[in-house]
Amino acid sequence: MYDVVIVGGGLAGLINAIVLSRAGMQVLLVEKKTYPFHRVCGEYISNETLPFLHSLGIDPHQWGASSINYLQVSAPSGTMLQMPLDLGGFGISRYTLDEKLYQIALAAGATILTGKTVEDIIYQNEYFQIQLSDQTLYQSSYVIGAYGKRTRLDKQLNRDFIHTRSPYVGVKYHIRTDFPLNYIALHNFKDGYCGLSAIEDNKYNLCYLTTRENIRQHGSIEAMEEALMYKNPYLKALKANADFLFEKPEVINEISFAPKSSLENHILMSGDAAGLITPLCGNGMAMAIHSAHVLSGYLIQAQRENWKRKQLEQTYAQVWQHLFARRLQVGRTLQRLFGNEIITGIAIQTLRTCTPLARWLVKKTHGQPF
Ligand SMILES: Cc1cc2nc3c(=O)[nH]c(=O)nc-3n(C[C@H](O)[C@H](O)[C@H](O)COP(=O)(O)OP(=O)(O)OC[C@H]3O[C@@H](n4cnc5c(N)ncnc54)[C@H](O)[C@@H]3O)c2cc1C
């Protein structure tokens, strides 16, 4: 019997586990993989997270994170927009970051089961029953769904977005190359865009989003990269001057940016499980950390002040909507501007001549420091 069971140990799950365990709650976190591991992500985190991370005693720069304060965006033709990033961010691999947070969550007293999958969650008479892949059962007063973009649990919960296939595929490499450590680049190609930014140990993250159809048409990831991605002159130059450090890329499918709900059958959703912002905005990790900060804060308050479940659920759902719904909407709109070679070229040319507009757009996809 636990106060809270957290399903999924990405950023949202681990931050919830750290805050709730430090507040004295009995926490069980279940993660289907085993730390440390790589996952598809651009690994650029907005500085809006730093005050909160520092308040937890976490300083990613101590773990080698790069500091990023300049943005480059290029069209498939090579037209380039460059601008300072007002707030900026830092770069660190999820391999390192998640492993460090896992260790901090363990030290805070959380029970963490790795290599196990949550198969079923049943809510009855104010309690949850949680069944794992090895058939063990746990009970808890609350469940946090922090299981990311898409899992079988979404099917069981009959969530709307799960009924529609998503066309998007994400691919990630770590490379060594020669590129300013304080820059993040976003290079566009037909039906895709590719981010490049420094992480720890003088390594760089090269991560792109494209469509399944793009890859299918060319027969393989490598063939698509050759035919389309490396047509962008900046990516072509990068390829000629980079060591690829993985034997094969990390790949994920079915990335959906469709609206979701932050509450499903009394499960409190956090991070991507509540809504995923397009990677174009580079802000999903900040939102995962922020949503975990907000949710764990209300859970602690609810326990201390004996809130009814309904009060907790309504408060969290309203605050989540207020903090994130607009950003997700702007992200979806921006996403439509990218991919089409002509529209992307026009959009970048326009933003080049109107830097205040470009700065305003970046601001709209980011939140305030918290
Ligand atoms: C191509 C791409 C590039 C991106 N680039 C950036 C970027 O540069 N900056 C940024 O801020 N954001 C970026 N994002 C978004 C960012 O990766 C996510 O928003 C962030 O990882 C969300 O964290 P999370 O904790 O919600 O989910 P995740 O980090 O996905 O963690 C979910 C965890 O749940 C586990 N899990 C799933 N199902 C179960 C189950 N049934 N039982 C147990 N465990 C389970 C999974 O193994 C996983 O570890 C990008 C996304 C994509 C697709």
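As the structure lists them, so they are numbered: ligands from 1, and atoms in each ligand from 1. Numbers here simply count residues along the sequence, with the first being 1.
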Proximal ligand 1 atoms for L11, defined as those under 4.0 Å from one of its heavy atoms
25 (O)
So the atoms of ligand 1 within less than 4.0 Å of a heavy atom of L153 turn out to be 41 (N)
Judged on heavy-atom distance to atom 19 (O) of ligand 1, which of L14, T49, D272 sits nearest?
D272
Parallel, tilted or perpendicular, as decided by the 30° and 60° cut-offs, for the rings of H290 and F370:
parallel
Any atoms of ligand 1 less than 4.0 Å from a non-hydrogen atom of R94? List them with their elements.
17 (O), 20 (C), 21 (O), 29 (O)
Judged by atom type as modelled, is there a donor-acceptor pair below 3.5 Å linking the side chain of T136 to the main-chain atoms of L132?
no
Ignoring angles and geometry beyond distance, decide whether V118 reaches within less than 3.5 Å of ligand 1 through its nitrogen or oxygen atoms.
yes
Taking only heavy atoms of T117, which atoms of ligand 1 are found under 4.0 Å from at least one of them?
40 (C), 41 (N), 42 (N)
Sub-3.5 Å donor-acceptor pair from the side chain of S46 to the main-chain atoms of N283, do we have one?
no
Closest to atom 10 (C) of ligand 1 by heavy-atom distance, out of M285, R152, M287, is M285
Suppose we call two aromatic rings close when their centres sit under 6.0 Å apart. Are Y204 and H174 close by that rule?
no
Ligand-side contact atoms (ligand 1) for residue partner V7, heavy atom cut-off under 4.0 Å
40 (C), 42 (N)
Is the terminal nitrogen or CZ of K236 (NZ for Lys, CZ for Arg) located under 6.0 angstrom from the six-membered ring centre of Y230 and within 45° of that ring's axis?
no
Which atoms of ligand 1 have any heavy atom of A12 under 4.0 Å away?
25 (O), 26 (O)
Centres of the Y173 and F246 rings: under 6.0 Å?
no
Under 4.0 Å from one or more heavy atoms of K116, ligand 1 contributes atoms 43 (C)
The atoms of ligand 1 lying under 4.0 Å from a heavy atom of C207, numbered in the order shown, are 1 (C), 3 (C)
